[in-house]
Engineer: 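Below are the structure tokens for one structure; questions will follow.
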Amino acid sequence: MGNANHRNSQELPTFHGPVFRPGDAGYDDEVSGFQAAYSHQPLLVVGAADADDVRAAVSYAASEDLPVAVQSTGHGLSVAGQDAVLISTRRLTELTIDPDRGTARIGAGVRAAELIAAAGEHGLAPLNGSSSTVGVVGYTLGGGIGLMARQFGYAADHVRAIEIVTADGELRRLEPGDELFGAVLGSGGNFGVVTALETNLVPVRTIFGGQLVFDTPLVEQAVETWRQWSATVPDELTSSVTLIGFPDIPPVPAPMRGRYVASVRIVYNGPAEEGERLVAPLRAVGDRMIDALQTLPYTQCAAIHQDPADPHPYAATNALLGEFPAEAVRAVLDVAGPTSPVPCLVDIRHLGGALRTAGPGGTAVDHREAEYAVRVISSPGFGGVGPDAIRERHALLREALAPWTLGHSLAFLYGDGEHADEAQTRFGYQATTYERLAALKAAHDPRNLFRFNRNIRPESKSAEADGGPGAE
């Protein structure tokens, strides 16, 4: 750690948290994250201990004309180059639950597991996603499609206040009605460094949920049954189906080795008796390799999807679909199913319900009319497959789903690095939303200081450098 300056042009500020430069002990640990395919290589890393550290780091970077990257857990990590300042927010772990108001104040370093546990002590639940290791603030800034999304909508629509350091180095508190409030929510880290936010919690103590896993011969029938069934269920039921092939190797549990399976994930906020009735058509598909549906305390919700907790490399793309007909099911299986030369995990999520309705803050989350999201994830190196082959296969799936595609979710794009461009970012928004965001970017960050994200270019800077992948 050290207090080196950049080009000797300005003395580095004094920070409360640690500072790292390339070669310093701890630098590699600080720049690494959950995404293991790549890591930051910045000129300077500021391990922010508080909002004042963030203010000082942004002000220093602006004075030196250095771009700023942000990282908490590194799930949607964006690559900061050697001329950048990286602000690590993982030490901003303030977490306060107000049970009377049903709200939480969440620091930028708080992970979902911590918020779930703290809220659960008061019979409350956050609108978290499937992974309990993801950072809450980054997840929310991307919109936040949670486990109970069809009942409660996007997590971003429930935010009540945002504390953010903007490009001028000022710490601001934004609330609904403020010009930047809705722009910050849904646009990742384009407008500054969020140090904390305040959001609503919901009064949910238990849920009925878990997985139904069907073996290879029943995969197509299971997906088609789920497709038809999902169109009939109430908004209190949010579900998805994951298609995955397991290698025939010892670390994989014996019943799964060499199998291609369909795993239907269920979250129902209602009585178990009604949940059992609702899922009966799925069970009627046939024998299940796993049938783990049960009543769970919400604090155990991570057991439903069982997302990996260890860092690993991954790349992903997605399509938001206005409808999901049988032809789309066939397209998914043909392109990314068991015969694909590139191993693909396909996650198909049922949307609709409350996701269609925007919250009071005018959040920058578009394509709300989408009824399904199809996401495909592959791991570079797995099965000897490289990034180019993954990119080509993922593009084939997007092409196959094009007849039903409205756009895509920027929060579900990972690992495309230098292949990210402005067109890709625009496809995440309606044209009017993107132009509004670009105008606000020009007003509040005209130099595009915050560019390591799904970058929204200032309208006066539309020909300048691309950003990188998403910023969480």
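Here, residue 1 is the first one in the sequence, and each next residue gets the next number. Values below: every heavy atom of this structure, side chains too, minus hydrogens, waters and symmetry copies.
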Engineer: Among Arg398, Arg375, His367, which one satisfies side chain to side chain donor-acceptor pair (under 3.5 Å) with His408?
Structural biologist: Arg398
Engineer: For Arg105 and Leu95, indicate whether the former's side chain and the latter's backbone hold a donor-acceptor pair under 3.5 Å.
Structural biologist: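 Looks like no, no N/O pair under 3.5 Å.
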Engineer: Is it the case that the side chain of Asn190 and the backbone of Arg454 share a donor-acceptor pair, with hydrogens and angles ignored and the cut-off at 3.5 Å?
Structural biologist: yes
Engineer: Donor-acceptor pair, distance only, cut-off 3.5 Å: does the side chain of Ser263 make one with the backbone of Val213?
Structural biologist: no
Engineer: Give the C-alpha distance, both sets of side-chain angles, the deciding distance and a yes or no for side chain to side chain donor-acceptor pair (under 3.5 Å) between His75 and Gln35.
Structural biologist: CA-CA 5 Å; His75 276 69; Gln35 167 65 277; over 6 Å; no
Engineer: Ignoring hydrogens and geometry, is there a side-chain-to-backbone donor-acceptor pair from Thr232 to Trp229 under 3.5 Å?
Structural biologist: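 Yes, the answer is positive, given that a donor and an acceptor are paired below the 3.5 Å cut-off.
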Engineer: Taking Asp157 first and then Arg368, would you say they form a salt bridge - that is, a charged N and a carboxylate O separated by under 4.0 Å?
Structural biologist: yes
Engineer: Tell me if a side-chain donor or acceptor on Thr299 pairs with a main-chain N or O of Ala117 at a distance below 3.5 Å.
Structural biologist: no
Engineer: Heavy atoms, side chains only, cut-off 4.5 Å: are Thr133 and Arg111 in contact?
Structural biologist: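 Result yes, sub-4.5 Å side-chain heavy-atom pair found.
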Engineer: Please table the atom pairs, donor to acceptor, closer than 3.5 Å between any side-chain atom in residues 200-209 and protein atoms at least two apart or in another chain.
Structural biologist:
unit_1	atom_1	unit_2	atom_2	d
Asn200	OD1	Arg160	NH1	3.1
Asn200	ND2	His158	O	3.4

Engineer: Report yes if the side chains of Arg457 and Asn455 come closer than 4.5 Å at any heavy-atom pair, otherwise no.
Structural biologist: yes
Engineer: Between Arg288 (side chain only) and Gly286 (backbone N and O only), is there a donor and an acceptor less than 3.5 Å apart?
Structural biologist: yes
Engineer: Tell me every residue that passes side chain to side chain donor-acceptor pair (under 3.5 Å) with Arg349, counting only those two or more places apart in sequence or in another chain.
Structural biologist: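 Result, side chain to side chain donor-acceptor pair (under 3.5 Å) vs Arg349: Asp347.
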Engineer: Tell me whether Glu323 contacts the main-chain N or O of Trp404 through its side chain, where contact means a donor paired with an acceptor under 3.5 Å.
Structural biologist: no
Engineer: Does some side-chain heavy atom of Thr73 sit less than 4.5 Å from a side-chain heavy atom of Arg90?
Structural biologist: no
Engineer: Test your reading of the model: is there a side-chain donor-acceptor pair from Ser378 to the backbone of Pro343, 3.5 Å cut-off?
Structural biologist: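 Looks like yes, one N/O pair under 3.5 Å.
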Engineer: Does Ser230 have any side-chain contact (heavy atoms from CB on, under 4.5 Å) partners at least two apart in sequence or in another chain, and if so, which?
Structural biologist: Trp226, His350, Tyr372
Engineer: Between the main-chain N or O of Phe324 and the side-chain N or O of Arg227, is there a donor-acceptor pair closer than 3.5 Å?
Structural biologist: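 The answer is yes, because a donor-acceptor pair under 3.5 Å joins these two groups.
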Engineer: Can you check side chain to side chain donor-acceptor pair (under 3.5 Å) on Asp307 and Ser130, steps first, answer last?
Structural biologist: CA-CA 7 Å; Asp307 283 2; Ser130 59; 2.7 Å; yes
Engineer: Any sub-3.5 Å donor-acceptor pair from Arg451's side-chain atoms to Asn448's backbone N or O?
Structural biologist: yes
